[in-house]
Student: 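Handing you a structure now.
Just so we're on the same page: letters track the sequence lines, and every chain starts at 1. Because the structure is a prediction, the values reported are computed rather than measured.
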Amino acid sequence: MKRTHMCAEVTAEDIGREIVVMGWVQKRRDLGKLIFVDLRDRTGLLQIVFKDELDKELHDKAVQIRNEFVIAVRGTLENREVINPNMATGNWEVIVSELRILSKAETPPIHIEEDSDTSEATRMKYRYLDLRRPNMQRNLILRHKVAKITRDYFDENGFIEIETPILIKSTPEGARDYLVPSRVFPGRYFALPQSPQLFKQILMVSGFDRYIQIAKCFRDEDLRADRQPEFTQIDLEMSFVDVPDVLEMNEGFLKRVFSEAIGVEVQTPFQVMTYSEAMDRFGSDKPDTRFGMELIDVTDIVKNTSFKVFSGAIENGGSVRAINAKGCGPKFSRKQIDALTEVTKTYGAKGMAWIVVEEGNIKSSFTKYLSEDETQQILKKVNAEPGDLICFVADTNKVVFDSLGHLRLDIAQKTNLIDESKVNFLWVTEFPLFEFDDEEKRWVATHHPFTAPMDEDIPMLDTEPGKVRSKTYDIILNGVELGGGSVRIHDQELQKKIFKLIGFSDDEAQKRFGFLLEAFKYGTPPHGGLAFGLDRMIMLMAKCSSIRDVIAFPKVQNSSCPMTGAPDLVDEKQLKELHIQQVEMDDE
RNA sequence: GGCCCAGUAGUUCAGUCGGUUUAGAACGCUAGCCUGUCACGCUAGAGGUCGAGGGUUCGAGUCCCUUCUGGGUCGCCA
């Protein structure tokens with residue numbers, strides 16, 4: 001038998017024709033002398049019918065059919081006696097003349113249906129069954145579409161797709177590397193790439209002008225709902241560009257891919273916000289701009305207050321800021337406000353001060369320590385109205401931003417403040433070039449050591465490196481970091497200066513990135529690029545809450561794969577070839 | 001490494017204060033009946049290491065300790 005149609009692709013024109021369809025048995029309804037089977041393939045369902053009166057032998061065979069059997073049927077497509085309006089192919093059915101049971105099936109541990117409520121553990125172990133579910137199939141088909149549109153768009157804009165190696169040299173900064181032992185060189189290791197960063201810059205030196213790759217990347221760090229140890233980036237790099245060129249090209253890409261893949265039309269150019277503005281207004285470098293509740297700085301008002309929690313934080317160089325949860329006063333009990341305090345403590349706050357505004361009265365955890373004037377000034381500054389719940393954190397700026405930024409999201413979620421239909425793209429730009437690493441007591445590159453400083457900030461490299469802004473940009477969608485990149489340094493003298501600032505001696509720089517520095521000696525175009533997290537992009541497009549749902553075979557939280565049992569022990573012989581000896585671990 | 005949630009039939013769950021003969025329900029599964037079902041229906045039945053180990057107790061699915069598994073999160077992720 002040769003298949004003529006996919007299940008859901010039959011049309012009215014096929015009525016009366018003999019067709020052959022193949023697939024899995026979704027559901028069997030055995031009425032005795034009449035058996036209905038819903039046959040499923042990638043496209044959907046089609047009802048097939050076995051009638052005892054037409055062919056006794058065929059009917060007896062059909063009695064054996066069970067869920068998830070793989071069968072092939074030949075038959076005639078007919079109009080149904082009773083139409084099912086809830087089914088795409090509900091007008092028709094196949095009157096079967098020939099049946100082949102291609103494969104039997106045991107009762108599956110996962111029911112194949114649109115919304116499974118099966119546990120993650122079972123889904124991961126039986127991933128092949130989980131992937132039979134229509135929504136999982138849709139997710140992976142969407143992923144395929146996005147990959148295709150990506151290649152089309154960048155191809156049309158002069159980008160060349162080039163593969164970079166998976167076995168590379170370890171570069172110590174950044175995330176923990178996955179290592180691969182060398183058989184040929186005892187004691188030496190390849191690393192798996194955390195991103196193709198250095199290779200794509202070298203491709204610019206090679207003159208390819210524009211590079212694109214849908215690249216697998218690896219980072220040996222702990223997992224999250226939106227983080228897997230191996231993940232996929234849409235990675236690109238362009239020559240002879242500055243920041244606006246990169247932004248424009250990628251806005252075009254996002255506009256196109258959202259339109260073609262999911263029919264969502266977005267306006268370009270996107271909103272652009274500097275890092276410093278994002279932190280100030282939202283306490284986050286990836287603000288969700290679908291709602292307000294922005295941070296309000298009350299430091300000036302309480303600078304000289306006798307309330308030590310506030311004045312002490314300010315004396316130590318910190319600040320006091322608030323968010324006003326409009327109308328949330330009556331919605332939160334004391335117990336729930338305590339829960340909000342716990343949220344802020346997660347991010348290092350020592351506590352949270354609050355005011356509930358009532359008609360002609362306020363309830364508060366702290367205003368008794370303030371003067372009447374200070375309280376009134378605060379209420380005015382935060383635009384307090386009856387019904388408002390105002391939350392304050394006083395600490396270092398880092399803790400204040402972190403805790404209030406997350407508290408803002410937490411309250412918005414709890415009170416359904418977020419308009420889920422919004423698609424808010426946002427560029428966050430001008431991240432600081434350096435951060436001070438308290439442990440190592442030195443400046444480290446915020447993005448990576450090849451990121452260019454803003455031209456006008458270059459003079460500050462010598463005086464105030466912490467204030468130097470960089471030519472960086474992150475693309476944020478509804479509070480999720482979708483990607484980021486930068487314009488790179490192409491000037492050798494400037495590069496040397498940066499290395500020096502982050503405490504790399506010439507020797508060290510040579511040892512770590514020598515090949516790149518060597519390449520830069522032979523004529524380097526100005527260049528910059530960006531990488532999108534493909535998994536996250538698909539997750540948001542498919543409205544999933546975990547990237548596991550858009551990856552065919554993801555890892556679970558401890559980075560293992562329950563389906564295959566990886567990672568696993570290997571033969572002693574394999575280890576010997578790789579010059580690896582197992583060391584007994586001490587249990588302490 | 002820390003904190004939080006969950007683990008009882010193939011699946012999803014209920015199981016009260018530690019005590020009610022044999023740990024229940026729904027779906028699924030098995031068998032029989034059924035000619036227009038599509039949440040098919042009806043009848044009967046099978047199915048349990050209550051994640052594992054230890055402890056407390058006259059008595060543990062229930063309390064305590066340890067551990068495993070899955071999830072969320074902080075740290076981590078240039």
Student: Considering every strand and a 4.0 Å limit on heavy-atom distances, what is the contact class for A:E106: base, sugar-phosphate, or nothing?
Tutor: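 Nothing, no heavy atom under 4.0 Å.
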
Student: Which donor-acceptor pairs under 3.5 Å do side chains of residues 428-437 of chain A form with protein atoms, sequence neighbours excluded?
Tutor:
{"residue": "A:E430", "atom": "OE1", "partner": "A:R469", "partner atom": "NH1", "Å": "3.1"}
{"residue": "A:D437", "atom": "OD1", "partner": "A:E439", "partner atom": "N", "Å": "2.9"}
{"residue": "A:D437", "atom": "OD1", "partner": "A:E440", "partner atom": "N", "Å": "2.9"}

Student: Only pairs with both distances under 3.5 Å count, Watson-Crick or wobble alike; so what is the partner of B:C3 in this structure?
Tutor: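 Per the H-bond distance test, B:G72.
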
Student: Among all residues two or more places apart in sequence or in another chain, which pass the ring pair (Phe, Tyr, Trp, His ring centres under 6.0 Å) test with A:Y473?
Tutor: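 Partners of A:Y473 under the ring pair (Phe, Tyr, Trp, His ring centres under 6.0 Å) test: none.
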
Student: Under a 3.5 Å limit for both distances, which nucleotide forms a Watson-Crick or G-U wobble pair with B:U30, could you say?
Tutor: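 Pairing partner: B:A44.
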
Student: Suppose the criterion is salt bridge (Lys or Arg N to Asp or Glu O under 4.0 Å): which pairs have a residue in residues 189-204 of chain A, not counting sequence neighbours?
Tutor: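 Qualifying pairs: A:K200-A:D235, A:K200-A:E237.
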
Student: Using whole Å, what does the distance between atom C1' of nucleotide B:C29 and atom CD of A:E68 come to?
Tutor: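 In whole Å, B:C29 C1' lies 14 Å from A:E68 CD.
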
Student: Sorted by first residue and then second, give each salt bridge (Lys or Arg N to Asp or Glu O under 4.0 Å) pair with at least one member in residues 72-88 of chain A; sequence neighbours left out.
Tutor: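 Every pair satisfying salt bridge (Lys or Arg N to Asp or Glu O under 4.0 Å) with a residue in residues 72-88 of chain A: A:E18-A:R74, A:R74-A:E98.
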
Student: Among residues 500-516 of chain A, which ones have heavy-atom contacts with RNA chain B below 4.0 Å?
Tutor: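 The stretch gives none, as no residue of it lies under 4.0 Å from the strand.
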
Student: Can you check nucleotides 38-41 of chain B for protein contacts, nitrogen or oxygen pairs under 3.5 Å, and list what you find?
Tutor:
{"residue": "B:C38", "atom": "O4'", "partner": "A:R29", "partner atom": "NE", "Å": "3.0"}
{"residue": "B:C38", "atom": "O2", "partner": "A:R80", "partner atom": "NH1", "Å": "3.2"}
{"residue": "B:C38", "atom": "O2", "partner": "A:N84", "partner atom": "ND2", "Å": "2.9"}
{"residue": "B:C38", "atom": "N3", "partner": "A:R80", "partner atom": "NH1", "Å": "2.8"}
{"residue": "B:C38", "atom": "N4", "partner": "A:V82", "partner atom": "O", "Å": "3.1"}
{"residue": "B:C40", "atom": "OP1", "partner": "A:K27", "partner atom": "NZ", "Å": "2.6"}
{"residue": "B:C40", "atom": "N4", "partner": "A:D30", "partner atom": "O", "Å": "2.3"}

Student: Checking A:Y347 now: which residues fulfil ring pair (Phe, Tyr, Trp, His ring centres under 6.0 Å) with it, not counting sequence neighbours?
Tutor: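 Ring pair (Phe, Tyr, Trp, His ring centres under 6.0 Å) list for A:Y347, sorted by chain: A:H406.
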
Student: Please enumerate all residues that pass side chain to side chain donor-acceptor pair (under 3.5 Å) together with A:H448, with sequence neighbours excluded.
Tutor: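 In terms of side chain to side chain donor-acceptor pair (under 3.5 Å), with neighbours along the sequence ignored, A:H448 is linked to A:Q197, A:R488.
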
Student: Using a heavy-atom cut-off of under 4.0 Å over every strand shown, decide if A:E342 touches base, sugar-phosphate, or nothing.
Tutor: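 No contact at all - A:E342 keeps every heavy atom at 4.0 Å or more from the nucleic acid.
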
Student: Whom does B:U35 pair with, Watson-Crick or G-U wobble, provided both distances fall under 3.5 Å?
Tutor: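 Pair assignment: B:U35 / none.
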
Student: Any chance you could measure A:K496, atom NZ, to A:D491, atom CG, to the nearest 0.5 Å?
Tutor: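 Taking NZ in A:K496 and CG in A:D491, the distance rounds to 10.0 Å.
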
Student: Mind checking side chain to side chain donor-acceptor pair (under 3.5 Å) for A:K56 and listing every partner two or more places apart, or none if nothing turns up?
Tutor: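 Partners of A:K56 under the side chain to side chain donor-acceptor pair (under 3.5 Å) test: A:D60.
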
Student: Who passes salt bridge (charged side-chain N to carboxylate O under 4.0 Å, His left out) against A:E508, sequence neighbours left out?
Tutor: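 A:R512.
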
Student: Mind jotting down which residue pairs meet the salt bridge (Lys or Arg N to Asp or Glu O under 4.0 Å) criterion with at least one end in residues 109-120 of chain A? Sequence neighbours excluded, please.
Tutor: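 For residues 109-120 of chain A: A:E114-A:R138, A:E120-A:R123, A:E120-A:R548.
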
Student: Look at the rings of A:F520 and A:F450 and say which category their plane angle falls in: under 30° parallel, 30 to 60° tilted, over 60° perpendicular.
Tutor: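 Perpendicular, since the angle between the ring planes exceeds 60°.
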
Student: Determine: side-chain N/O of A:N67 to OP1/OP2 of B:G28, distance under 4.0 Å, yes or no.
Tutor: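 Checking A:N67 against B:G28: no side-chain N or O falls below 4.0 Å of OP1 or OP2.
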
Student: Which letter, B, S or -, goes with each nucleotide of nucleotides 68-78 of chain B from 5' to 3', with contact meaning a protein heavy atom under 4.0 Å?
Tutor: --SBBBBBBBB

